[in-house]
Amino acid sequence: MIIQEMIAKNLASVQAEIAAACQRAGRPVETVKLVGISKTHPPEMLLAALQAGLRDLGENRVEEAAPKIAEVLSRLPANIAPPTWHMVGHVQSRKARSVVETFDVIHSLDDLKLARRFGTFAGEQKAIREVLLEINISGEESKEGIAAQNWQNDADQRQNLWSLVQEISQLSNIRLVGLMTMAPYYAEPEATRLVFAALRGLRDALINDFPQITWRELSMGMTNDYSVAIEEGATMVRVGRAIFGERE
Ligand SMILES: *Cc1c(COP(=O)(O)O)cnc(C)c1O
């Protein structure tokens, strides 16, 4: 079957690149989780990726993802375990409930009110959702996320983020596990290195000030730049096009 073969081949080459980047960085390959970003693609493609061994899938819009995920799960062969589902797109407050009901891990938390809603809805389901804070570390205006490009020099910006972390760490039913960022698009992937290093630097400062929080995850790197992100410490890479092909 054509789709199955294409996706298996793409997945193998992404996994090989991840292994090579880990080797260059002196990191065990198990320290990097590949999250396949399947937005815009039909259930068949997700099923093919799961059949080829992918264990984590991510989407950016809950309206698209919820029915698609239900269909994938209903068609999943008995010998394949359900994957972990990741939400990587911006979440509007009114969609918080369906996001909590649909996904296991939420990469795009950027607001205290949203965090409280996640906690409430996860509590109703007697569940715990892992969340990452989405950080705008490059300062690019078009980017979502908590502004932090200047956290080392701008006391207000730092205070804002630090108190958000403090408040979120008190909430029940959500567990803060790390940071996520989207780098600006540069034709040359090397140019993203400073952006990824900056997110890691921020994470290190947060480890220092909030040692009780796990800070396990750095979600950074996409098709264009995941190798560089791994060299700079990414623990989750979000790869769409290199696995599923170009989007319409
Ligand atoms: C679409 C998307 C990706 C994947 O991008 P590719 O360039 O297809 O690898 C990663 N992260 C987020 C937040 C996305 O929206």
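Keep in mind it's a predicted model, so treat the numbers as computed, not measured. Ligands are counted one by one from 1 in listed order, and the atoms in each one are counted from 1 as well.
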Next item on the list: Return yes when atom CZ of Arg200 has more than 12 non-hydrogen atoms of other residues, nucleotides or ligands closer than 6.0 Å, and no otherwise.
Entry: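 It does: Arg200 CZ has more than 12 such atoms within range.
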Next item on the list: Please indicate whether Glu141 has more than 12 foreign heavy atoms, meaning atoms of other residues, nucleotides or ligands, lying under 6.0 Å from its CD.
Entry: no
Would you tabulate the polar-atom pairs, meaning N/O of ligand 1 against N/O of the protein, with distances under 3.5 Å, reported to 0.1 Å?
from: ligand 1; atom 1: 7 (O); to: Arg241; atom 2: NE; distance (Å): 3.0
from: ligand 1; atom 1: 7 (O); to: Arg241; atom 2: NH2; distance (Å): 2.8
from: ligand 1; atom 1: 8 (O); to: Arg241; atom 2: N; distance (Å): 2.9
from: ligand 1; atom 1: 8 (O); to: Arg241; atom 2: NE; distance (Å): 3.4
from: ligand 1; atom 1: 8 (O); to: Arg247; atom 2: NH1; distance (Å): 2.7
from: ligand 1; atom 1: 8 (O); to: Arg247; atom 2: NH2; distance (Å): 3.2
from: ligand 1; atom 1: 9 (O); to: Thr223; atom 2: N; distance (Å): 2.9
from: ligand 1; atom 1: 9 (O); to: Thr223; atom 2: OG1; distance (Å): 2.5
from: ligand 1; atom 1: 9 (O); to: Gly240; atom 2: N; distance (Å): 2.8
from: ligand 1; atom 1: 11 (N); to: Arg238; atom 2: NE; distance (Å): 2.9
from: ligand 1; atom 1: 15 (O); to: Lys39; atom 2: NZ; distance (Å): 2.7

Margin query: If hydrophobic clusters are built from ILVMFWY residues whose side chains come within less than 4.5 Å, do Val29 and Leu218 share one?
Written below: yes
Checklist line | Set of side-chain contact (heavy atoms from CB on, under 4.5 Å) partners for Thr40, sequence neighbours left out | finding: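 Expected list: Arg247.
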Item checked: Steps toward salt bridge (Lys or Arg N to Asp or Glu O under 4.0 Å) verdict (Lys68, Glu71) -> CA-CA 5 Å; Lys68 203 197 299 192; Glu71 184 173 344; over 6 Å; no
Next item on the list: State, to 0.1 Å, how close Ser219 and Leu132 come at their nearest heavy-atom pair, and which atoms those are.
Entry: CB-CD2, 3.5 Å
